[in-house]
Student: 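Attaching a single structure in structure tokens format; questions to follow.
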Amino acid sequence: MDFSFTDEQSMLRDTVASYLSDNYTFDQRRAVVTKEPGWNPGVWKAFAEELGILGAPFSEELGGLGGGAIENMIVMEEFGKALVVEPYLGTVVIGGGFLKHSGHAQAADLIGKIIGGEAIFAFAYAEPKGRYNLAAVSTTAKKEGGSYVLNGHKAVVVGGPFATHFIVTARTAGGERDAQGVSVFIVPKNAPGVTTRDYPTVDGGRASEVILENVKVDAGALVGPESQAMPLIEKVVDEALAATCAEACGVLRKLHEGTLEYTKQRKQFGVPISSFQVLQHRMVDMFIQLEQSISMTYMATIKLGDDAERSKAASAAKVQIGKACKFVGQNAIQLHGGMGMTDEMAIGHYFKRATLIESAFGNTDHHLARYEFLSLGQAA
Amino acid sequence: MNLDFTPEENAFREEVRAFIAENYPADLRKAQESGQPLTKEQYLSWHKILAKKGWVAPSWPKELGGTGWTPTQKYIFSEELAKADTLGILPFGISMLAPVLYTFGTDEQKKKFLPGIYNGEVWWCQGYSEPGSGSDLASLKTRAERITGDDGKEYYLVNGQKTWTTLGQFADWGFFLVRTDQNAKPQSGISFLLIDMKTPGITVRPIITLEGGHEVNDVFLDNVKVPVENRVFHENQGWTCAKALLAHERSGIAGVARSKRNLQKLRQIAGTERSDAGGSLMGDAFFRRKVAELEIDLTALEFTELRTLAGESSGKGPGPESSILKIKGTEIQQRIQELALEAVGHYGAPFLRDIGHNAGIGPDDARGLAGEYFNGRKTSIYGGSNEIQRNIISKAVLGL
């Protein structure tokens with residue numbers, strides 16, 4: 001067994017961490033997320049040009065750094081520590097993932113644009129009544145000659161306001177929750193018939209409701225096989241889950257560290273509150289949750305290449321991370337006392353991000369059910 | 001043992017229900033549902049209606065405006081208010097300060113302050129917590145020194161900082177704990193002062209909480225002159241008042257009736273939301289299980305509270321067992337908020353609290369749920385954190 005990183009991977013982590021500590025302090029982030037447009041395109045440009053990290057998981061032939069899932073994990077964990085809102089997940093992990101795995105005709109071209117920072121993707125998969133079921137798609141795509149015409153409503157598209165392109169799941173056959181009949185399309189945001197309602201999310205991010213009204217795209221917009229895209233979607237979402245778990249590890253680490261620091265300096269009854277055994281035990285339990293989460297994130301990331309184990313591993317990791325986000329997040333606030341309730345302190349912002357991560361791509365119940373199904377069979 | 005209500009009690013329940021239905025202001029209802037912060041007038045409107053009816057302070061002695069209701073009637077009354085989802089009556093004047101005033105105040109103080117509290121004409125805030133004190137309230141540092149004013153009258157000159165002053169931005173008056181003897185043991189050098197918030201030297205500064213709301217404040221006191229006659233009870237014995245007030249703050253903190261109502265709302269939300277499989281979320285086995293466990297927990301709390309109430313009506317004061325009500329009550333409130341947020345899935349993410357132009361994003365039910373969840377984390381912290389409550393039980397009940 002070897003859990004060590006290569007020199008290149010360690011260097012990637014150092015590069016990202018040092019850039020963020022210079023350019024992405026809590027105050028700098030706050031100044032950006034509290035006003036429009038809610039992100040920093042200059043930071044994105046630096047990711048592309050100065051750091052080159054938008055190419056981290058792509059092959060060298062495509063112009064990337066030749067990495068993969070582990071590089072995504074490293075980047076996302078550092079992003080978690082700094083509460084980065086720029087759309088690496090939607091663009092590099094998800095957009096890049098669909099392009100890489102689908103053999104799409106324009107994959108090389110679009111990945112080049114991702115690496116260069118010009119193409120920005122947001123994943124429009126959720127629908128108002130779909131909950132976390134990826135196959136709950138009522139958005140339709142009808143074939144008309146050499147084109148598809150899309151109609152539907154996509155909910156809470158994270159990073160939607162920043163995107164140049166949406167990755168849209170739409171139904172080309174079958175009923176509302178059939179796994180058969182789902183297809184994936186790339187829809188340019190400026191395509192006629194696309195409207196968005198943008199809004200801030202509770203964690204300082206931005207999202208959109210995306211309405212598609214007779215949006216006409218050519219056949220080349222189809223990503224992966226028509227009507228048979230569920231395996232591709234599951235694969236990319238599993239990769240997104242692993243990356244989100246990595247982000248959570250960064251968030252959880254800051255929640256835990258911040259709480260340790262605070263309780264050591266906060267005095268009550270004449271002593272630091274960290275000297276109270278009940279709080280010590282609580283912080284030990286938080287630490288155990290953090291370490292278990294890191295372990296599960298490694299496990300899930302390593303298994304992304306193993307099609308037989310991948311989904312089970314991703315769901316198992318998400319269950320652990322979901323529980324940890326709740327336990328560590330809630331206790332971090334509790335142990336900060338009233339100060340934890342203030343907008344001024346960073347801790348609450350980590351808690352809010354942890355809360356949304358807990359439900360991202362399915363909450364703990366969803367992934368427990370998925371794990372049971374994959375591991376124990378439906379009849380269990 | 002008899003848990004049934006008498007016919008008289010049932011008739012009383014009908015009377016209360018009818019009164020609320022006929023008199024609750026429609027515009028207040030609308031403002032509550034919008035999720036927008038309420039104005040001062042909106043906060044007070046229901047208070048004033050209840051005051052006119054004579055129902056605003058059921059716990060006060062009858063001669064001062066109390067209702068003379070039995071504990072069961074009070075319980076029924078609060079249950080009906082919760083069922084109708086009315087705005088709560090602000091506790092600062094009615095249930096925190098007033099009992100201190102009618103127990104420890106002079107006749108003059110009672111005459112001067114109680115009517116304004118009752119009628120909702122004077123808004124009170126609490127000046128207890130300080131940046132360094134928190135649950136260790138007796139460590140407070142705000143100083144008050146006796147001086148003689150230019151007018152020859154006696155004053156306290158108050159200097160210090162208070163924090164977590166809930167809705168202090170609206171307050172006309174505040175009740176403050178200040179240190180009048182620097183050399184005494186922490187609990188024995190404290191006095192209880194009533195301070196006009198318009199006195200020169202007082203600055204109220206907002207603290208924005210993590211869900212983005214403005215509910216609490218810092219209050220800075222810089223050479224604030226307070227007439228000596230505004231001190232309640234003896235100098236340096238304010239801790240007696242403080243303790244009495246804290247006991248009142250903690251009773252009723254269980255919030256059973258409100259939690260029942262909110263659990264009902266949660267079931268409605270989960271009834272209209274869809275599960276992964278496409279049916280109602282209430283039909284989802286995981287979700288149902290969590291709601292069922294919560295209901296059982298709430299029932300246990302309800303009967304624990306009823307036992308406490310029965311004890312009180314037979315003359316036993318609320319003992320340290322009331323810490324159980326604080327701990328379980330706040331845990332259950334938080335758990336309901338957590339499940340409600342969970343129920344709306346992706347639509348828990350939009351930040352909509354203060355953003356009128358984003359109306360219509362997601363189901364109406366989802367509006368503000370994330371804010372309530374984040375804001376609700378305070379309940380296990382304030383009023384003596386739940387860790388402190390466990391200490392109280394371990395020392396005072398278990399003798400550890």
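By convention in this document, chain letters (A, B, ...) are assigned in the order of the sequence lines, proteins followed by strands, and residues within each chain are numbered from 1.
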Student: Can you say whether B:Ser380 sits under 4.5 Å from chain A via the side chain, the backbone, both, or neither, judging by heavy atoms?
Tutor: both

Student: Heavy-atom pairs under 4.5 Å with chain B: which of A:Ala126, A:Pro128, A:Gly338 has the most?
Tutor: A:Gly338

Student: Enter the distance from A:His366:NE2 to B:Asp284:CG here, rounded to the nearest 0.5 Å.
Tutor: 11.0 Å

Student: Please classify the contact between B:Thr163 and chain A as side chain, backbone, both or neither, with a heavy-atom cut-off of under 4.5 Å.
Tutor: neither

Student: Can a donor-acceptor pair be found, under 3.5 Å and without considering hydrogens, that links the side chain of A:Lys352 to the backbone of B:Leu210?
Tutor: yes

Student: Nearest 0.5 Å please: distance from the CD atom of B:Glu387 over to the CD atom of A:Gln334.
Tutor: 4.5 Å

Student: Got A:Arg206 and B:Phe351 here, is their nearest side-chain heavy-atom distance under 4.5 Å?
Tutor: no

Student: Among A:Met339, A:Lys326, A:Glu344, which residue forms the greatest number of heavy-atom pairs with chain B at distances under 4.5 Å?
Tutor: A:Lys326

Student: Which heavy atom of B:Asn375 sits nearest to which heavy atom of A:Met341, and what is that distance?
Tutor: O-CE, 3.4 Å

Student: Given heavy-atom pairs under 4.5 angstrom as the criterion, report whether the side chain, backbone, both or neither of A:His336 touches chain B.
Tutor: neither

Student: Tell me, for A:Glu358 versus chain B, whether the close heavy atoms (under 4.5 Å) come from the side chain, the backbone, both or neither.
Tutor: neither

Student: Please round to the nearest 0.5 Å and tell me the distance separating atom CZ of B:Arg377 and atom CG of A:Asn331.
Tutor: 8.0 Å

Student: Could you measure the distance from the CD1 atom of B:Ile388 to the CZ atom of A:Phe269? Nearest 0.5 Å is fine.
Tutor: 4.0 Å

Student: If every non-hydrogen atom of A:Ala155 is compared with every non-hydrogen atom of B:Tyr347, which pair is closest and at what distance?
Tutor: CB-OH, 3.1 Å

Student: Using heavy-atom distances under 4.5 Å, tell me whether B:Ser129 contacts chain A through its side chain, its backbone, both, or neither.
Tutor: neither

Student: Quick check on the interface: out of B:Ser275, B:Gly362, B:Ala285, who has the most heavy-atom pairs with chain A under 4.5 Å?
Tutor: B:Ser275

Student: If you take all heavy atoms of A:Val202 and B:Pro350, which pair is closest and at what distance?
Tutor: CG1-O, 3.7 Å

Student: Working note: B:Arg274 + A:Arg177, criterion side chain to side chain contact (heavy atoms under 4.5 Å, CB included); need CA distance, chi angles, decisive distance, verdict.
Tutor: CA-CA 12 Å; B:Arg274 302 251 205 119; A:Arg177 278 176 162 75; 3.3 Å; yes

Student: Which of the residues A:Gly337, A:Ala135, A:Gly348, A:Gly130 is involved in the greatest number of heavy-atom pairs with chain B at under 4.5 angstrom?
Tutor: A:Gly337

Student: Give a yes or no answer on whether the side chain of A:Arg131 reaches the backbone of B:Ala343 with a donor-acceptor pair at less than 3.5 Å.
Tutor: yes

Student: Do other residues, nucleotides or ligands put more than 12 heavy atoms under 6.0 Å from the CZ atom of A:Arg30?
Tutor: yes

Student: Could you label the plane-to-plane angle of the B:Phe374 and A:Phe351 rings as parallel, tilted or perpendicular, counting under 30° as parallel and over 60° as perpendicular?
Tutor: perpendicular

Student: So, for A:Gly270 and B:Asp136, which heavy atoms are closest and what is the spacing to 0.1 Å?
Tutor: N-OD2, 4.3 Å

Student: Checking heavy atoms, do the side chain of B:Ile208, its backbone, both or neither come under 4.5 Å from chain A?
Tutor: both

Student: Salt bridge check: are A:Arg370 and B:Asp276 linked by an N-O gap of less than 4.0 Å?
Tutor: no

Student: At a 4.5 Å cut-off on heavy atoms, which part of A:Glu209 comes close to chain B: side chain, backbone, both, or neither?
Tutor: side chain

Student: Is the shortest side-chain heavy-atom distance between A:Gln330 and B:Gln334 below 4.5 Å?
Tutor: no

Student: State the CD-OG1 distance between B:Glu338 and A:Thr355, to the nearest 0.5 angstrom.
Tutor: 9.0 Å

Student: Please state whether the side chain, the backbone, both or neither of B:Thr272 comes within less than 4.5 Å of a heavy atom of chain A.
Tutor: backbone

Student: Quick one, B:Arg390 and A:Val278 - any side-chain contact, counting heavy atoms below 4.5 Å?
Tutor: no

Student: To the nearest 0.5 Å, tell me how far B:Lys290 NZ sits from A:Asp365 CG.
Tutor: 3.0 Å

Student: So which of B:Gly348, B:Ala277, B:Pro363, B:Ser385 has the biggest tally of heavy-atom pairs under 4.5 Å with chain A?
Tutor: B:Ala277

